[in-house]
Amino acid sequence: MEQPLTRNIRADGEPLSLQEYEKAGGYQALRKALKSMQPRDVQKAVTDSNLRGRGGAGFPTGKKWSFVPMGDQAPHPKYVVVNADEMEPGTFKDRILMEGDPHQLIEGAILGAYAIEADVAYIFLRSEYKRSAERLARAIAEAYKGRYLGKSILGSSYNLELRLHISAGRYMCGEETGLLNSIEGKRAIPRNKPPYPQTSGLWGKPTVVNNVETFSCVPHIVNNGPDWFKKLSHTEDGGTKIYGVSGKVKRPGAWELPMGTTMREILEDYAGGMRDGLKLRGVIPGGASTEFVTPEDFDVKMDFDEMQKAGSRLGTGTMIVLDDHTCPVGMVLSLEVFFSRESCGWCTPCREGLPWVVDILQGLEDGRGQPGDLELLDMHIKHLAPGNTYCALAPGAMEPLAGALRHFQGDFEQHIREKRCPWK
Amino acid sequence: MLTKEERREIEAETRRYEQKQAASVEALKIVQRHRGWVSDEGVRDVAELLGMTTAEVDDVATFYSLIYRRPVGRHVILLCDSVSCYVVGYEQARDHLRRRLGVDLGGTSADGRFTLLPVACLGHCELAPAMMIDDDVYGDLGPDSIDAALAKYE
Ligand SMILES: Cc1cc2nc3c(=O)[nH]c(=O)nc-3n(C[C@H](O)[C@H](O)[C@H](O)COP(=O)(O)O)c2cc1C
Ligand code: SF4
Ligand code: FES
């Protein structure tokens with residue numbers, strides 16, 4: 001099984017130095033692109049590879065890049081931003097890539113920048129990732145020394161500055177346009193779209209934002225071609241995927257597997273099944289903002305389209321497991337406390353609705369549940385649906401709630417009937 | 001007033017962006033690193049240097065959760081209260097920390113050693129329950145591992 005993204009990551013967790021990365025074939029893709037490919041050719045290779053964004057929404061990467069104005073008439077400076085905010089609860093895949101192989105991400109970002117003729121790239125990193133910060137800073141310095149960054153990269157006419165921006169907390173910073181405001185030194189509230197960042201992003205200039213894992217795929221696509229990349233996958237979406245599992249399984253962790261590996265295979269063969277004495281009741285498949293999937297659907301292939309058929313989403317591909325000794329209402333409460341605290345407060349349904357949802361769920365847990373509470377929760381699910389809010393935070397917050405109400409309605413009703421949490 | 005050192009560090013940051021204002025988050029972090037937290041005076045100092053109003057800087061300072069607008073202890077504990085940690089024992093870890101420090105979430109221990117804050121997913125969910133003390137992450141938290149971690153900080 002090929003594992004291009006993680007194959008260089010060592011068991012002791014120490015990152016590759018520049019020399020080690022070069023020895024493993026690193027920066028060959030950049031050499032190839034600068035020597036024999038036009039920016040449009042890199043875009044085309046990525047489009048043909050069926051790479052879809054790994055930040056959660058799965059937008060086709062090549063298509064995203066194709067909206068950037070190109071050529072002599074295009075506004076400059078143009079920007080590329082690596083979204084390394086990784087604050088979606090349950091998600092820890094980007095950290096593994098940044099700590100284990102920082103040069104791979106840097107090479108991917110340079111290739112992405114070349115593809116849209118960008119002048120400056122930022123890596124937007126969450127503050128708590130201290131080890132990633134250290135390793136990226138060292139790798140960036142090495143890349144400048146090796147002439148992979150700066151003026152006339154590898155003797156070509158292409159110039160690029162790469163800067164590490166370290167954030168200061170708040171989940172909203174990961175939202176594409178909130179992130180741009182954050183780099184500009186403002187609150188991370190979203191921007192109205194259109195215009196989209198590809199035409200008007202950082203300081204009003206064309207900007208592309210992609211996830212760490214997305215950029216990390218790009219050197220391999222350029223090196224080996226789109227067809228090779230497509231064949232890594234079990235489905236239409238190209239490539240491998242870093243899947244993860246957390247919760248009360250025997251071996252929580254993350255693994256690079258073909259895109260479209262089934263949930264059952266990941267949960268049983270890689271995560272080792274449940275801890276002894278526990279039964280699995282459901283899984284949130286891709287970080288906090290996705291709907292519960294129950295065991296009857298575990299044979300679904302984990303990719304962007306198939307997960308939707310199972311009534312959920314791939315999201316970040318990092319699963320959170322609910323066992324039969326954990327209260328589903330308490331679990332959803334923990335999720336909604338997160339969303340409510342992280343709401344940027346810009347629009348009313350989210351700012352006012354999420355604390356109300358938390359209040360109702362806390363009431364159920366504390367034995368203050370009342371008839372009508374579930375209807376109130378349903379009302380919020382409708383009011384906070386996509387289209388009613390500025391960004392996807394609030395609709396994302398409703399996905400696990402809707403899933404829990406559908407699959408575990410009996411548990412919610414029991415809380416109201418018995419006026420207590422049966423797990424306490 | 002900004003010290004020479006603070007001013008030098010902030011000015012170096014402003015050169016990394018197209019506009020000075022973009023360095024505001026980093027500037028607040030620099031002030032916080034030197035003074036422990038960001039007081040009203042700290043906000044004014046940053047505003048003056050970056051050519052912003054104090055309201056604009058306070059807008060930023062109050063948005064980001066890791067900028068502290070109130071004094072904190074010598075060390076800050078960020079305890080993850082997100083979902084993976086919840087499932088495997090966040091509440092037990094929280095209760096143990098509360099007892100050991102004698103404070104609730106948001107509080108600072110009487111000896112000024114620790115401030116205990118909740119934080120969103122630390123991105124170490126495979127090690128849940130997890131917390132950070134200053135720059136270090138601790139996972140698989142239980143009473144013993146929490147006590148061992150606390151003992152490392154004066
Ligand atoms: C509230 C919120 C938080 C987000 N956080 C992240 C994040 O931490 N990392 C990330 O890559 N994408 C995050 N996203 C998705 C981004 O908005 C954006 O879609 C993504 O960075 C695009 O990259 P991709 O096309 O490579 O997936 C978030 C979205 C929302 C609504
Ligand atoms: S949905 Fe929530 S997080 Fe998004 S803009 Fe509205 S208030 Fe802010
Ligand atoms: S949920 Fe606690 S580290 Fe991710």
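Order of the sequence lines sets the chain letters (A, B, ...), proteins ahead of strands, with each chain counted from 1.
- Heavy atoms of B:A128 lying under 4.5 Å from chain A are absent altogether.
- Neither the backbone nor the side chain of A:F339 comes within less than 4.5 Å of any heavy atom in chain B.
- Under the 3.5 Å distance criterion, the side-chain polar atoms of A:K186 are left unmatched by any main-chain donor or acceptor of B:D59.
- Proximity to chain B (any heavy atom under 4.5 Å) is shown, for A:R131, by neither the backbone nor the side chain.
- Only the backbone of A:E88 comes within less than 4.5 Å of a heavy atom of chain B; no side-chain atom from C-beta onward does.
- In terms of heavy-atom pairs under 4.5 angstrom with chain B, the leader among A:I183, A:I189, A:T326 is A:I183.
- Aromatic ring orientation, B:Y17 versus A:Y122: parallel (interplanar angle below 30°, classes split at 30° and 60°).
- Ranked by heavy-atom pairs under 4.5 Å with chain B, the first of A:S167, A:C173, A:P77, A:C327 is A:S167.
- Aromatic pair A:F338/B:Y86: centroids not less than 6.0 angstrom apart.
- Contact annotation for A:V332: neither backbone nor side-chain heavy atoms come within less than 4.5 Å of a heavy atom of chain B.
- There is no contact between B:V57 and chain A, counting heavy-atom distances below 4.5 Å.
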field: CA sep, side-chain torsions, deciding dist, call: B:S65, A:R170, side chain to side chain contact (heavy atoms under 4.5 Å, CB included)
entry: CA-CA 6 Å; B:S65 53; A:R170 289 306 283 275; 4.2 Å; yes

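- The backbone N or O of B:L122 lies less than 3.5 Å from no partner atom in the side chain of A:R95, so there is not a single donor-acceptor pair.
- Here A:R163 does not pair with B:E26 in a salt bridge; the nearest charged N to carboxylate O distance is not below 4.0 Å.
- Per-residue heavy-atom pair counts under 4.5 Å with chain B were compared for A:R187, A:E128, A:E86, A:E184, and the maximum is reached by A:R187.
- The environment of B:E48 atom CD is sparse: at most 12 non-hydrogen atoms of other residues, nucleotides or ligands sit within 6.0 angstrom.
- Taking the charged nitrogens against the carboxylate oxygens, B:D134 and A:K130 have no contact shorter than 4.0 Å, which rules out a salt bridge.
- Side-chain atoms of B:S24 come within 3.5 Å of backbone N or O of A:G185 as a donor-acceptor pair.
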